[in-house]
Amino acid sequence: MLHEILLSLSGQQSSLFKHSNISQGEEDAIAKEHFPLLSPPEKALLASLARLSQLHAQLRSHTASISSSHPSVIARAVSTAIRSCHLGAFQKKILEVERAILVEDAKFVGGYGIVPLATVVGEFTPWTRRLEWLWEVVRFIQPVSRKEDGWACMGAALIDYLRGESQTGYVDIEEIALHLIGAAETAWMRQLSTWLLYGNLPILGKEDFFIQEAVTDENERPGSAAQFVTHSRLVPQFVTPHTAASILFIGKTLNLIRAKSGPSSGHASDALLTSPVTLHGEHINHLAGLKSPIAASKLTGAVDSIRMSLSQSTLSKLLPLPKILEILSLLHDFLLLRRGEFAAALVSHADARLRERQRRPETTTKNTVSDIDGLAIKEGDVATALTNTWAELYSLQNEEDPVDDGMDLARELVRLSLKTKEQHGLGLSEAGVGPVAETSSVSFDDLLFPTSTSLSVQVRPPLDLFLSASDISIYSKVHSYLLGIRRAQIRLGGLWKHTPIRRSHPSPWGPPRSNSNFGRRRLQMGRQRENARTSQMRSIWATSSASLFVLSEIGTFFQGEVINGSWQHFRDWIEAGASDTDSMSRPGSRPGTASSSKARNLGIDTEEGPDPNVTPRRHDPEALTAAHRRYLLSLVQSLFINDAPFAKALRDLLTKIDHFIALVIRLESIQRNMDLETDEGVVDALVDYASEEREVWNALRAARSDTEAGINEVIARLRDIDDSRTEEGQMMFHEPVASASANATGIWTGTLGQANGCSFVPRKPAGVDRLLMKLDFGTSRGN
């Protein structure tokens, strides 16, 4: 019977125990028909051994399946460690007990060669708890059935689970958990080292690695570098958001260097003029110093050291500061509308294109994206509007003007295109090195054309290390927001160019025709008509002036106080970092004081030299990326784009103004035709202009009331924003905190700026109370 017990514990089939499902009762695990003379105490002792036998057999079977077929390399490593180490230790324990019995060790064999069953059971009692825990781990890796706890887990979830299970009061369970954690983290570090040292995704189990290659567009250039994104569900908990972003940044940099410097890069002009990365030995030492269980602080320190060494050796040539400032200036000039002539020309040519399409309607709507009121907008219309805009801007330059490199670069990179359904649902999937700016769901991208359009910048390598697709998406939304305000200003101002509705045009008859009876009657009739129209239009012009004033003040506040001020502060911070490093390298610099050091940190120029005790604040590309994300977040908050009620009120006002302007222009056309009919006798029998005029006037009065209500709604929401501040000088909105929705698209924590060495603090613009003071002053003067 002892041999039957030991063979069964080893995982062999035995007639002593039923090898059934281990979830069944312990009493059912003993074959009663073969051993009918067992007493109840003996059955109770054998029940625990039966449990061990079944656990051992199930563990061997399940771990073999996991090690051969599981998609996660980390899970395979843990499964192999369980099978080879811990189940091997259990098998070794069985052999030790068998050897002790055979040599008649007094610890097991009593008088007359009797081996007490209780002694054998006592030797294996600790293993019951261990195998039960290992069985739970194996079931967590890959459930026995798909109905149980879902499907197989991935490596990050397994590491987090083992780390949680290691916090136990059982010393033996803790030791096993730590050993399995070491096996899992070793497999994870092998994947990580491939990415950190060479910029390559792991060959085995790359679906389990938290950095994966993004799905790119089929129309992308064949020679372009691969794009990578981070999946937050595959990031272990000991990897902080800053560390994950740094890991992504380092690997993308190395991948780009290899793609552009290798022999397969195509043309020689495409190769990057960078020195080869020769710091692999130093990087390996940083990674080799990490011991299991890996501490988040030590991993962060190792990754930061690799990033800094890479920045000092390679990235200074790959991403020079002038190139970063060049693309940021382009974004500020054209997407943030610092160049007002670009916005005016774009609006003018877009309206001209729409008028042309209205005069020549298409007979077919094939291959169109949108059909609004019979007006189909195609991709060619949008591209033509942008092309004409560039042509107008170039025509404004004189031969004596210097070459505008910024416009040349913008013409090459800026794209205006229709938005597809996929772009509407696009999420922010990149791991950020800064807070991800969240905007409201209110859309402004269908104001320029009657369908959604997007003005974006084509980011080419290596600038994609600095600017992500989510950043460009935010810039596009800000552009649509600002362009909607600027467009309404331009169209409202253009109403005063419609001379017939502003004054008597053409001028009345003069002598000698006005001296006749017919001429006097004609002048009297025209004067009465003009007086009546002027009286009716007085309220219309008042509403137009009020709308133009409100939009002008809001646009001036946004463009001058928020955008230009924030950009100047951000650019000074970037240039201050470069000048600090240069001044530290110049010999003979006079030491500065504490006040001068503090002034330099604030971006203020001082006459004293740098303090030799202060570490130079060199901005590496990742720190610049984090600072840019903070700058972009500050813009979104200060422009109130993330305030859904204000954005909705402003969008409604812009829509009402468009309707209001369309009715005024329609009224002008009707009145012109009525004057031709009355004065010149040009009669159109198919149209009743008098009836149309009455209908338009009724609609115009309603539109005027709606526009004034929209103005009041926008101002009321600005007051709510002003009242929402909890204390004087505090920013209206705060940096977002990591949430479930944020983790689904990107990674961010509120302390990231300090974690990655980014010392940039965005400029806090003037409060909305100053804007409200101007609006109140203008309203009081208007009344």
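Remember, it's a predicted structure, so these values are computed and weren't measured experimentally.
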>> Assess whether a salt bridge exists between Glu708 and Arg704, defined as any Lys/Arg side-chain N lying under 4.0 Å from an Asp/Glu carboxylate O.
In response: yes
>> Distance check, rounded to the nearest 0.5 Å: Leu337 atom CG versus Arg339 atom CZ?
In response: 12.0 Å
> Can you tell me how far the CD1 atom of Ile574 sits from the CD1 atom of Ile324, to the nearest 0.5 Å?
Replying inline: 7.5 Å
> Can you check whether His349's main-chain N or O pairs, donor with acceptor, with Glu392's side chain at less than 3.5 Å?
Replying inline: no
>> Taking salt bridge (charged side-chain N to carboxylate O under 4.0 Å, His left out) as the cut-off, I'd like each qualifying pair that reaches into residues 655-665, sequence neighbours left out, listed once.
In response: Arg487-Asp658, Arg491-Asp658
> Taking all atoms of both residues into account, what is the closest heavy-atom pair of Val664 and Leu495, and its distance?
Replying inline: CG1-CD2, 3.9 Å
>> Using every non-hydrogen atom in the two residues, find where Phe449 and Ala350 come nearest and quote the distance to one decimal.
In response: CZ-CB, 3.7 Å
>> Ring centres under 6.0 Å, that's the criterion: do Tyr475 and His628 meet it?
In response: yes
> Checking salt bridge (Lys or Arg N to Asp or Glu O under 4.0 Å) for the pair Arg719/Asp769: CA distance, chi angles, key distance, verdict?
Replying inline: CA-CA 8 Å; Arg719 297 187 189 280; Asp769 52 341; over 6 Å; no
>> Centroid separation under 6.0 Å, is that true for the rings of Phe760 and Phe570?
In response: yes
> side-chain hydrogen bond (donor to acceptor under 3.5 Å, both in side chains) between Asp446 and Thr451: does it pass, once the steps are laid out?
Replying inline: CA-CA 5 Å; Asp446 57 347; Thr451 186; over 6 Å; no
>> Between the side chains of Asp381 and Lys378, is the shortest nitrogen-to-carboxylate-oxygen separation below 4.0 Å, so that they form an ion pair?
In response: no
> What are the two closest heavy atoms between Ile711 and Ala546, and how far apart are they?
Replying inline: CD1-C, 4.1 Å
>> For the CZ atom on Arg672, are there more than 12 heavy atoms of other groups (residues, nucleotides or ligands in this structure) within a distance under 6.0 Å?
In response: yes
> Side-chain donor-acceptor pair under 3.5 Å between Thr655 and Arg651, yes or no?
Replying inline: yes
>> Check Arg763 with Glu561, please: is the shortest side-chain N to carboxylate O separation under 4.0 Å?
In response: yes
>> Per the ring pair (Phe, Tyr, Trp, His ring centres under 6.0 Å) rule, what does the pair list look like for residues 646-669, sequence neighbours excluded?
In response: Phe640-Phe646
>> With side-chain hydrogen bond (donor to acceptor under 3.5 Å, both in side chains) as the test, pick out the partner of Arg666 among Glu693, Gln671, Glu692, Glu695.
In response: Glu692
